[in-house]
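Following: one structure in structure tokens, then a few remarks.
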Amino acid sequence: MNELKEQRLKKLNELSDLGIRPFGGRFDRRDTAADCHDGYLEGKEVTAAGRLTAIRGHGKTSFCDLRDSSGKIQLYIRKDSIGEEAFAVIKLLDLGDIVGAEGTLFTTHKGEISILVSKLTLLSKALQPLPEKWHGLKDREIRYRKRYLDLIVNEDVRNLFRKRSRIIREIRRFLEERGFLEVETPMMQVIPGGAAARPFETFYTALNSKMYFRIAPELYLKRLLVGGFEKVYELNRNFRNEGLSRKHNPEFTMLEIYEAYGDCRTMMELVEALVTEVAEASDCGLRIEHGENVVDLKRPWRRVKYRDLICEYMKDPDWFSQTPAEMVASAADLELDISDQMLPGEITHEIYEKCIEPGLIQPTFVLDLPAELVPLAKSREDDSSLVDVFELVVNGSELAPGYSELNDPIEQRQRFQAQEDRSDQAGEGGKIDEEFQIGRASCRVRV
RNA sequence: GGGGGUGUAGCUCAGUUGGCAGAGCAACGGCCUUUUAAGCCGUGGGUCGAGGGUUCGAGUCCCUCCGCCCUCACCA
């Protein structure tokens with residue numbers, strides 16, 4: 001383990017003895033690897049820079065792969081082109097070193113565009129060996145803990161980073177075009193609200209006060225609506241002190257959008273447009289392959305009532321008039337962890353989450369959820385047991401909820417109280433935010 | 001927390017009924033002026049995740065612990 005590094009340190013000293021600075025400074029790179037390919041002209045003078053990712057020595061010549069953020073360009077180094085002394089330096093180069101290369105473009109016999117190097121400048125010596133060139137870095141533990149290695153070695157990971165950046169940019173543009181104001185609200189809160197989740201705690205010495213990392217921006221965004229902004233959104237980090245898995249990260253980015261005077265349907269149309277337009281604008285396309293599933297984002301998306309999904313799945317139009325015991329009996333084949341001690345809504349939702357939602361692969365708006373599942377949404381006027389809410393399900397998991405927001409402060413106060421009572425029982429330490437007693441018209445969506 | 005899997009060279013991985021610790025790439029030395037997973041000859045490199053046990057002998061079998069992955073439960 002030390003041997004490989006010692007060998008590189010030895011080369012470092014040899015380079016210094018030759019009067020070469022192993023860690024250079026500014027280098028006026030004029031051409032990227034992509035420029036060399038796209039603007040190819042035989043004999044064109046170019047100056048490129050990047051990391052050596054392959055070295056194929058050939059006696060008095062050497063072929064190297066030089067990789068920069070735009071791609072890869074091959075260097076062809078000849079002893080008779082750069083001189084004996086400079087060629088001796090080439091022998092001290094390692095995979096992973098960062099170099100600058102000046103020379104002229106040409107095409108090899110095998111048809112690869114390359115730089116015939118006239119001058120090579122060492123910009124940064126790599127003291128750690130890189131992972132293997134062919135099999136790459138597969139150990140997931142190391143890939144996540146040493147992201148820089150993952151990025152150096154795995155092209156698809158670099159492209160994933162680029163794609164994410166582009167999607168974020170297109171989301172902002174989409175919302176900007178529709179008159180939404182981007183805001184940043186407090187990430188450290190005295191009362192962590194807007195969701196049911198365990199928060200991370202911290203301490204603000206100057207105020208001698210315990211603070212929480214936010215679990216959602218919701219309550220502050222609503223304050224902006226109270227203040228008179230009619231279309232606002234925030235696209236930023238939230239923190240939840242919970243388990244982590246491939247699907248859940250304790251710190252994650254969430255988009256939350258509010259629009260005054262609208263309702264749940266306003267938000268449905270907005271989300272549908274946002275996802276499809278951003279997918280196209282960022283070159284992701286409307287056909288998304290994910291494992292075995294192919295998701296087709298083409299509009300319009302399916303809209304279906306929660307009740308209809310349940311009744312259809314259970315093949316029972318009268319499901320909701322059954323007693324818990326009858327429900328458990330009907331669902332006996334589903335191998336669920338349910339009992340007749342549970343509330344009808346809990347049994348039903350267990351069936352929804354375990355059996356129905358995972359099967360909703362194509363984008364689906366599930367509408368008219370039972371009120372007990374969603375504490376801060378407006379009830380439907382025609383049925384107070386339902387709330388005017390959608391949940392967007394794609395590829396078997398919930399992607400975004402959308403609400404007609406509850407704007408009755410008296411009712412909301414009661415629901416906050418109920419929520420606090422529940423979270424006290426659950427040990428989550430929820431607190432009531434008392435500022436929501438001012439009139440407000442809004443709906444929102446969270447992605 | 002339950003169940004399953006996994007941990008061996010810098011990287012990717014073999015390792016048979018328990019019998020000298022292996023390969024490819026990377027590294028080091030040598031040859032090679034159009035290669036591209038370059039090629040050829042040679043060399044070095046290991047706390048086999050950790051600890052204990054069985055055995056003449058353990059990478060291999062047994063026990064305990066640790067890391068990671070998958071899955072169930074919990075949790076949005």
Side-chain angles (χ1 to χ4, degrees), chain A residues 1-11 14 52-67 72-82 84 87 90-97 106-117 126-146 149-150 152-154 194-199 215-216 218 238-250 252 254 335-338 349-350 352-354 357 369 373-375 391 393 397-401 422-423 426-428 430 446-447:
Chain A
M1 175 177 145
N2 286 328
E3 188 193 345
L4 292 173
K5 198 170 175 181
E6 273 170 22
Q7 283 167 348
R8 293 202 174 203
L9 284 170
K10 190 176 157 215
K11 287 184 183 177
E14 288 179 40
L52 294 174
T53 55
I55 299 174
R56 296 177 289 279
H58 255 271
K60 298 182 182 63
T61 70
S62 187
F63 292 90
C64 303
D65 289 342
L66 185 75
R67 219 204 60 222
K72 191 184 87 178
I73 180 74
Q74 179 171 260
L75 306 182
Y76 181 42
I77 303 164
R78 297 172 59 109
K79 197 175 188 176
D80 56 11
S81 295
I82 66 166
E84 192 133 348
F87 198 77
I90 303 299
K91 301 239 167 193
L92 295 173
L93 293 180
D94 287 305
L95 288 179
D97 289 355
F106 77 107
T107 306
T108 65
H109 291 170
K110 296 285 171 64
E112 176 156 353
I113 291 174
S114 308
I115 302 175
L116 177 59
V117 176
L127 296 179
Q128 297 278 2
L130 290 183
E132 209 247 333
K133 63 180 175 184
W134 184 243
H135 296 95
L137 185 65
K138 288 184 180 173
D139 187 306
R140 205 176 313 193
E141 175 79 0
I142 298 177
R143 287 182 56 190
Y144 287 156
R145 294 208 176 173
K146 302 189 174 182
L149 281 183
D150 197 20
I152 288 171
V153 175
N154 294 324
R198 189 191 312 147
I215 53 178
E218 172 167 341
N238 293 276
F239 309 86
R240 296 184 181 182
N241 202 346
E242 288 163 357
L244 69 166
S245 68
R246 191 176 288 180
K247 285 186 170 182
H248 292 270
N249 201 343
F252 62 100
M254 183 162 83
E335 294 181 7
L336 293 173
D337 190 16
I338 52 178
H349 201 58
E350 182 72 10
Y352 171 76
E353 282 196 324
K354 294 286 150 57
E357 192 176 74
L369 273 68
L373 294 177
V374 191
E391 282 193 356
V393 180
S397 45
E398 186 196 331
L399 209 69
R422 259 205 316 279
S423 70
E428 285 173 351
R446 173 188 282 173
V447 179

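Each chain gets a letter, A, B and so on, in the order the sequences are listed, and its residues count up from 1.
- A/I82 has its CD1 atom 13 Å from the C1' atom of B/U33, to the nearest Å.
- A distance of about 33 Å separates the P atoms of B/G22 and B/C69, rounded to the whole Å.
- The separation of B/G59 from B/G52, taken at their P atoms, amounts to 14 Å, rounded to a whole angstrom.
- If you check B/A9 for Watson-Crick or wobble pairing at under 3.5 angstrom, you find it has no partner at all.
- With rounding to whole Å, A/R56 atom CZ is found 10 Å from B/G39 atom P.
- Separation of the P atoms belonging to B/U54 and B/A14 is 32 Å when rounded to the nearest angstrom.
- Distance A/H58 NE2 to B/G30 P: 17 Å, rounded to the nearest Å.
- Applying the Watson-Crick and G-U wobble criteria (two distances, each under 3.5 Å), B/G42 pairs with B/C28.
- Looking at the side chain of A/R78, the nearest of the listed nucleotides B/U35, B/U34, B/U12 is B/U34.
- Residue A/F63 is the one, among A/F63 and A/E398, whose nearest nucleotide of RNA chain B lies closer to the 5' end (criterion: closest heavy atom).
- Nucleic acid contact for A/Q128: none, since no nucleic acid atom lies under 4.0 Å from a heavy atom of the residue.
- Distances from the side chain of A/E353 to the nucleotides B/U33, B/A76, B/U35 place B/A76 closest.
- Between A/K60 and A/A54, the residue anchored nearer the 5' end of RNA chain B, judged by the nucleotide with its closest heavy atom, is A/K60.
- If you measure from atom CD of A/E6 to atom P of B/G10, you get 13 Å, rounded to the nearest angstrom.
- Computed from coordinates, the A/K91 NZ to B/G30 P distance equals 8 Å when rounded to whole Å.
- Each of B/U34, B/C32, B/U35 was ranked by its minimum atom distance to the side chain of A/H109; first place goes to B/U34.
- The partner of B/A50 is B/U64, by the rule that a Watson-Crick or G-U pair needs both atom distances under 3.5 Å.
- Counting atom types as modelled, A/T61 pairs no side-chain N or O with a base atom of B/U34 as donor and acceptor under 3.5 Å.
- Distance CG (A/L130) to P (B/A9): 18 Å, rounded to an integer number of Å.
- Of all nucleotides listed (B/A76, B/U36, B/A26), B/A26 comes nearest to the side chain of A/L95.
- Searching all strands for a Watson-Crick or G-U wobble partner of B/C20 with both distances below 3.5 Å returns nothing.
- Rounded to a whole angstrom, the distance from the C1' atom of B/G45 to that of B/A21 is 12 Å.
- Across the protein-nucleic acid pair, A/I55 atom CD1 and B/C25 atom P stand 16 Å apart, rounded to whole Å.
- Straight-line distance from the CD1 atom of A/I73 to the P atom of B/U36: 17 Å, rounded to whole Å.
- Side-chain nitrogen and oxygen atoms of A/K11 include at least one within less than 4.0 Å of the OP1 or OP2 phosphate oxygen of B/C28.
- Contact record, A/K72 with A/E112: CE-OE2, 4.4 Å, taken as the closest heavy-atom pair.
- A/R78 places no side-chain N or O within donor-acceptor distance of the main-chain N or O of A/L116, the cut-off being under 3.5 Å.
- Between the P atoms of B/A9 and B/C13, the separation comes to 11 Å (whole Å).
- Heavy-atom minimum distance, A/N154 versus A/L137: ND2-O, 3.6 Å.
- Looking only at distances, no side-chain donor or acceptor of A/D65 sits under 3.5 Å from a matching main-chain atom of A/T53.
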Q: Evaluate side chain to side chain contact (heavy atoms under 4.5 Å, CB included) for A/E391 paired with A/E357, printing each intermediate quantity in order.
A: CA-CA 10 Å; A/E391 282 193 356; A/E357 192 176 74; 4.2 Å; yes
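- Of the candidates B/A76, B/U35, B/C28, B/C28 carries the atom nearest the A/D94 side chain, counting heavy atoms from C-beta on.
- Going from the C1' atom of B/G2 to that of B/G18 covers 33 Å, rounded to whole Å.
- Contact between the side-chain N/O atoms of A/K110 and the OP1/OP2 oxygens of B/U36 is found at a separation under 4.0 Å.
- Distance check on atom C1': B/A50 versus B/C66 gives 7 Å, rounded to whole Å.
- Using a 30° and 60° split on the angle between ring planes, A/F106 and A/Y76 fall in the tilted class, from 30° to 60°.
- Across B/G51 and B/C40, the matching C1' atoms stand 47 Å from one another, rounded to whole Å.
- Taking CD1 from A/I90 and CD1 from A/I77, the interatomic distance works out to 4.0 Å, rounded to the nearest 0.5 Å.
- Scanning atom types as modelled, one donor and one acceptor separated by under 3.5 angstrom connect the side chain of A/Q74 and the base of B/U35.
- The side chain of A/K354 lies closest to B/A73, out of B/A73, B/C32, B/U34.
- Contacts of A/D80 with the nucleic acid, taken as non-hydrogen atoms under 4.0 Å apart, include base atoms.
- Among all heavy-atom pairs drawn from A/S62 and A/G57, the shortest one is OG-CA, 3.9 Å.
- Here the nucleotide nearest the side chain of A/Y76, chosen from B/U36, B/U12, B/U33, is B/U33.
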